[in-house]
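In what follows, every chain begins at residue 1, and chains take the letters A, B, ... in the order their sequences are listed.
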Amino acid sequence: MTMFSRAARREAITSAFAGPAAVAATLGEVTVPDDLAAWLGRLLTLAGVPFGYLVPDEAMLPPESIRFFRLDEQWVTALLDGAFSLGRNLTAQAGGASASLDGALLGPVAASARAAAPLRPRAEVAPPGPADAGAPWTGFLLRSRIVTDYPGLGVNVYPAGATPADPQPALLPVRRLDRLGPRGDTLLCLVHGEAYRVDVHQAPELLHYGIDDYAPPAAAGQGPSAGKKLRTFRRAADGSVTFGPGTVDVAIGASFRPRSPRVLRLADLATALAAANGGGPVDSADMGFAMTEGVGMVSFVSRGAS
Amino acid sequence: MKAIVPLNVAALRVSSPDSTNVTPGAGFAGRTAAFDLLPHGSRATQASTGDTIWLPLGQGSPSVPLETGVHLHWELPEYFKRGRQDPATGAIAFPPAPTRWLVTRSLATWDAAAGRYGAPRPASWVVESDYVSATLPPGPDGIPRPAVPVPLTAPDGTPFMYLGRVVEAARWDPAAQGAASYLPHYTGPGGTPLYLTSIGFVGAAFSGYYPDCRSVFGFWDAFADEPGLHAAITGNNPVRFRASYTVIGWLPDPARDPLAGLADDVASQYGQYLSQAREQRAKVTSTPADVFARVTASQYGWQFSDRAVSYTLGDGDALATLDVPDGTLCAGTMQDVVWDQAGPAAGVPFLATPAAGQPWTDQVEIAIGNTTVQAVSALVKSHLDAPGGAPVLASYETLLNALQLGMLRDLEVPGSTLATLEQSLHERAFSAVDGGHRWTITATAAPGAQASPAVTLPLALAERLAALNAAQLAYDQARSRLLAAREQLFMDWVIYVKQFCRTPPGTDVVPANTLGAFLGSATAGELHAVIAAAAATGLLRLAADAGTGRITGVATADPATTLAGQVAAARQAVATALAGLAEGWELDAVPADPFWQPTDPVLVLEGNRLDPARRNGPGQSVAVRVDGELIARLRLGGAPGEATVTAGAPPGVAAPPAGMPSGPAAAAVLAEAALLDPGWAAVIAAAAGQGPLAPALAACQGGGSPLDGATAGGLYAAVRAAGYQRAADPAASATAPGPLTVTFTGASGPALPPDPVGWNAQAALPEFSATRADPFLPVWMTWELRLDPLARDAAGGYPAGTLADRFVLGDDEIDLAYAAPAAFTTRAPVSYQGTVVLSKKPFVSLTEQISRYQQEFPGDAAGAGLARAQADLAGRKVLAQALDTFSLAQTLRTTIPQIPVADLVRSPDPVTKAIAAAATATAGDNWYASGFNGLTAISAGPQAQYNYGPLRAGFLEITRLTLVDAFGQVMELTTAADGPGAAAGTLPLTPAADLAPAAGDAANAGRAYLPPRVLAPARVSAQWLSARHDPAVAGFSADFAEAGDHPATSPVCGWIVPNHLDVSLAFYDAGGSPVGSFGLEHGASTYRTRAGNLANPGDDLDADLGPVAAPRVNPHVARLMRFVARQPAGFLAALMAAIEGSDQFINPASATQDASLAVLVGRPLAIVRTAQSLATAGGVLPASQASTTKADALSAAVAGKWYDYGDRSARTTAGLGQVSIPVRLGELTDVDDGLVAFLPEEAGDAPYSVVYAAAGPAAGASGVLRPGPDTVELTLNGPARTFTMIVDPRAPVHVTTGILPTVSMQVPPDQYLRAMRELSVAFTTRPVLAGQPGLRLPLPAQAGFTWSWVAAGDAPAPLAPPPAPDVPSYGYSPQQLLEGWLDLIPDSPQPSDGSQ
């Protein structure tokens, strides 16, 4: 007389492993450990994938080139599967327990990995919701001197129908934006969604005061020649600003110190600018408004189906 | 300071009608032992064997009925009833029992005129338990009291004397009698000094059964000191009185007092603790009081209060002074025994049943199980509704079993605990029998550190250790066989001496002279064989360390040729080899795996009158007070004002006799008894000036007799209430006739109330009758049953296929089962009967487990239901008892009182003299010490006629059950007529699940199915075979079997790593180096050499393995690979399918390996070898004792001159040794079982022919089969069968036989981990891209290992894991597609110790 039926237990174990669906039904809710999900999530952003697999031949990414791409879902799934079933070398035969287990787990694992894939936080970008899970991953590889010369390049990626001019511009979440190697000239960018317009810009922290031309002093003791194209404006009593019709060229060479001709005397500059703008005092806000210059940016817009 | 240990005192009133009509009758059993009936002298007509002094219970009238009066019996405290086994000799010693008992009675007669009792008057006696005299000692009052005959030779040669006497306390003078009058003056058969214990000369029931221990642990109060009363009760005249008894016991020799060494014990244990704490620089947190509490609880089962110990500490917490109890008084009272034969009660017997001349009966329900746990579950189950039908009930039973075993909560843990539960239950149906010793070598533990686990030894040392273990096994088995031979000799002698004394002679199957010649002398016959066997075996003396119990050495006085000498020599060889090693090693002897003997089935009975006699309380321990904590004052607080009565105040309280040690403590006990006794209430109240409040005081005391109309209440009831917590200075209140609150307090400090064990009173037993007030305390059960036994063949033997043909060890079973209708029995039931001492704890496990469960899971939703169940169960009147001696009778043996071999009747009798001389001839090897004279043969009668059944199986039904109580009262048990169908004249049974007849077996309903069991201690010997051997050590020409569960060398011969990416099985040598792999290529089984092996470009198997005679790899791996190579492709596919199929069934519970490495290596399977055999203790089977005809065993043995027990056992066990016993290797559905496949081995270089894999193809394919129930069969003591196994080493392999507990064997983690670390695993890798500079792969860094890339036909090239493979390093184009292996190679060999 037996306490429990081995035959039934054997049947139960066998049927529990009969196929991915059976395993999934047995397992119920699968919780992937956080660190595992995080690791697989990073793998989804191609972290650790040898570069030779991404660009099989260098000719596909010559110097000073940019290549846009879209990630192949199947390829990524195979990548996850390979990583996930590392060491489980009993998976070739269909119907095996391990194969069933892997099959059942791959879905939840991939979902966890996607959820755990790192996201570069940007205030204006909402994290991708579940509805976006099926969206393709696109991106570009940029191989150029600007990667080495302008560290900290930034990217804004817009889906079709969105422009920076929108009051609330719809940006695509950037999953990865990495310069490959500490001194590399290759930039890899991955976004979640179909990229339509890509703006590559200098690092935002490069915002600065700027003038438009400058020539060093012809001889010692002379001042340099320098100019600023000033956009004229008027500020009303209530603080509102009205722009003038165009710009005026302001010679500001005299605002530099003669002895050290790369240093501005800001009081002189302010006076010069005030004069050019039609008089009146210039406060620090006016000064910032007049002198601040943005960063360089290049936009790429899709011409159609990519 | 004296410890006052509660003593349970029970009183039975025997009136004149009882003594003349009840106690001599069928409803009463008398004494069981009657050494005074031992035949002696030439006029005796019977031989002087032990059976003559045994009076079976309940069969006929008692030889000594109980006389008129009050019979007192006191139950010894549990401490005195517990034997302790000497670890060195295995002998069980009982502590000396108290031998002096002061019995004090306070008696008050009824004053009919006044309508109340008179003042109590005291009287005292001293019972001297160990007083010995050749004649019956006179009683104190001229009435002789029965004393206990004991087997001591009187001065006149009479082979018995009398033990125990009663002396009037006033005349008692401890110095008056010489030492020769007391038991310690005498010695036993081996010259050992005697002293009185709880088992006396009789057995476990001696001290608990009054008729056997009268005037030893009992007292008959005949009231002869009160002539008026005496005349009234003996004359059956109207009389009414009440008496309270206080019994105080002590040991006259202070050195034998249990507490004699307590102070030293506490001091030394505290000292040890202190030095340990110092060594480990731990904070000293335990006090001497903690140590005292621990010692008293564990050694004595006594719980003292904090006041029992006081101490002072000196420098560094060292003990300066210590005061603990230094003496023991066992004390208890039986108060208010009312004897009322006046008025309407005149002449009515106290004990008689409503049906005159008939014993009491009780209608019971009976459940039967292999264990109490299972029987209780079956009983509870039988009371349950079955909402879901039988399967739900079966589940309830499983859950109840799990609850009782404390495994219920484990069932919720994922894994296979149902399998564990089943194994655990199955194992409990066996009792362990000492299996001898086994030697192990461990690393020396640093002081205070934990001992290191067993270690892997150098091969030569492991072989020497194996040789030592083989010698030890041979010795242990020879000693077991020797005991069997001595028992056989004794059984033969009993037959002989009985025939020898019988008149007229000549009617025996074997004539006495012939049998005498067979028994022989010291130089011939059976006796000589026994002596010679002992001489050839020798005697080993183990030297044990007194502190740790470690066995530090062996010695023998016998020559080196004896088995003992060989053990000593082998041990010396190991010790010498150890000494040559640098490290510190220790050689230890530990208990070897035990043999297992099937237990007798257990009955659990439930009825109304079956109050289990747990006289020493339900728990493991009892509350003990010191004399200062006794109640010595009553503070009476009530309306009329406060008053106090002190112990000395009430006049008439008895005083202890002069000369009694611990007199003040005894006086305090006697005073307390008076203060608590409602019989004294009037005197106490008067002394306090509160005379009118006497009834209120009596109510506060409680415990008055129901015969006087007292109701429950007071302190007496309070200490008995469920959940009562002992508190100092208890109080009780009453309101009538006036308000009164009594505080019970001490002489100079707080007092504690007595434990209910030692404070008893007359109680009503309404379940018996409305007037019954005398106890029924079941002690014995006598049983009668019928067994329809397993049939043998016409020649009387068991066919080899007895088990295999008639039973099935199904995949679904842990035990052998049959298919209905049952056709394996004789259908000629045999009757058996026996008598057993009742165990006392049936439901405790269930209620205790519920308590534990509730403590651990306080918020459990089922808590309320469990509490109800617990309350219900606690109130049940249930007894449990195993049918002891039932199994023994199957081998035609039964127990016999052990008395020395002697012929007291006929002379000369040289045979008896020779045996008696031989029994004590060898110093240190006294035959009596091992109890060789404890069994006698059932050589004739119905049981012996064709009913020798060493293979116990069949159907059992109970025909009669009776209970006998502590005083000899008998109760017949009956069952309801409408129980589950059972034959007429039988008591229907509710069997536990594993004793239930097969489904659909209506013919055996109401019976219990006994699955087959071998009635000899046996064990499954599942041993690892070493992977290699070193022929340089003498005696080792082949791999050797390892003793114990931790092999000294690794049993791993090699590894198989399945690789289905390649569809191949890669083979590795034991050392972890790859050999090659078998794969399926284009449908063919193809061998490929290992990756990177340039020396074998043609993938030639022989080139890799080397010559057949001297392979380059482990020879077993080579043989296995050659076997695989010879098989067709289908074999490889089936084997791989089986391996893959097993994956889902293996999920080790304790996968303790290095996790990261495991991920890399995957699932390597170890190739290991085992030897499986079944052995019985001594290698012998229980020979038949039948001697009904000349064809029977005894005649055959005599005719065949089978003097040696081995010869006799081989020929007279009905062919039991040839019976094939099915064995199941592995347990597929236990996820904690690692067996993947096994291959039976034959001799020679091509040992394999077939692979068995439980997860293999159902129908079997190409030589890969699923094992069936009869795939592996072993015979008892038959040759071991060897198997090569492919196992997942992380899980054990289970070996199931059904007839024995399941055993498991596992490669120890330290060994497989070590071997696994050395595996050089090649991972097939393809395709990979390689740029111009070289291969860059993302590889995990593994400490201690180097990655290499192996391309086909190339040597391995080391590969450094790049720090960041995804960083472009241009210049890589064009890339190549490569395929090959990634090889994880250990950096350097592990530190070599020569074993690998």
Side-chain angles (χ1 to χ4, degrees), chain A residues 1-18 23 42-43 45-63 83 85-93 95-101 141 143 176 178-186 188, chain B residues 394 397-398 401 416 418-419 421-422 425 810-815 817 993-996 998 1009 1011 1057-1063 1136-1137 1139-1141 1143-1145 1158-1163 1227-1229 1231 1323-1324 1329-1331 1336-1338 1362 1364-1375:
Chain A
M1 299 303 110
T2 184
M3 299 290 308
F4 72 100
S5 165
R6 287 179 172 72
R9 189 168 171 82
R10 179 184 177 130
E11 183 51 42
I13 292 177
T14 309
S15 62
F17 284 95
V23 175
R42 282 197 301 280
L43 190 65
T45 66
L46 307 180
V49 176
F51 189 73
Y53 285 72
L54 300 180
V55 181
D57 194 289
E58 291 169 49
M60 301 167 83
L61 187 68
S85 55
L86 176 71
R88 297 181 67 96
N89 48 8
L90 271 174
T91 54
Q93 292 195 349
S98 298
S100 298
L101 186 63
L141 274 165
R143 183 181 177 194
R176 187 174 178 197
D178 272 350
R179 181 180 176 185
L180 299 180
R183 281 184 291 277
D185 65 349
T186 309
L188 172 65
Chain B
E397 193 173 347
T398 306
N401 285 329
S416 56
L418 267 178
L421 172 66
E422 190 184 38
L425 281 171
D811 277 347
D812 215 16
E813 311 284 345
I814 197 171
D815 212 336
D994 50 357
L995 293 187
Y1009 160 64
V1057 178
N1059 185 342
H1060 283 217
L1061 207 58
D1062 265 2
V1063 200
M1136 286 196 284
I1139 289 174
E1140 179 161 333
D1143 187 28
Q1144 59 196 305
F1145 292 108
V1159 167
L1160 287 177
V1161 173
R1163 184 173 166 243
E1227 189 76 86
L1228 183 66
T1229 48
V1231 293
F1323 302 91
T1324 307
L1329 287 171
R1336 297 178 78 210
L1337 290 173
D1366 53 354
V1367 171
S1369 167
Y1370 291 102
Y1372 57 79
S1373 292
Q1375 297 196 88

Can you tell me which portion of [X] sits under 4.5 Å from chain B's heavy atoms? Options are side chain, backbone, both or neither.
X: D178(A); answer: neither
X: L188(A); answer: neither
X: R179(A); answer: neither

Next item on the list: Please report the C-alpha distance between Y53(A) and Q1375(B) in whole Å, then the side-chain angles of each, then the deciding distance to 0.1 Å, and finally whether the side-chain contact (heavy atoms from CB on, under 4.5 Å) criterion is met.
Entry: CA-CA 10 Å; Y53(A) 285 72; Q1375(B) 297 196 88; 5.6 Å; no

Notebook entry, point to check: Got a second to check how far D185(A)'s CG is from Y1370(B)'s OH, nearest 0.5 Å?
Noted result: 5.5 Å

Any idea which heavy atoms bring [X] and [Y] closest together, and the distance?
X: Y1372(B); Y: V55(A); value: OH-O, 2.6 Å
X: S1373(B); Y: P56(A); value: OG-O, 4.0 Å
X: V1367(B); Y: G181(A); value: CG1-CA, 3.6 Å

Checklist line | Face-on cation placement of R1336(B) at F51(A) ring, 6.0 Å and 45° thresholds | finding: no

Notebook entry, point to check: By a 4.5 Å heavy-atom criterion (distance strictly below it), what part of L1329(B) contacts chain A: side chain, backbone, both, or neither?
Noted result: both

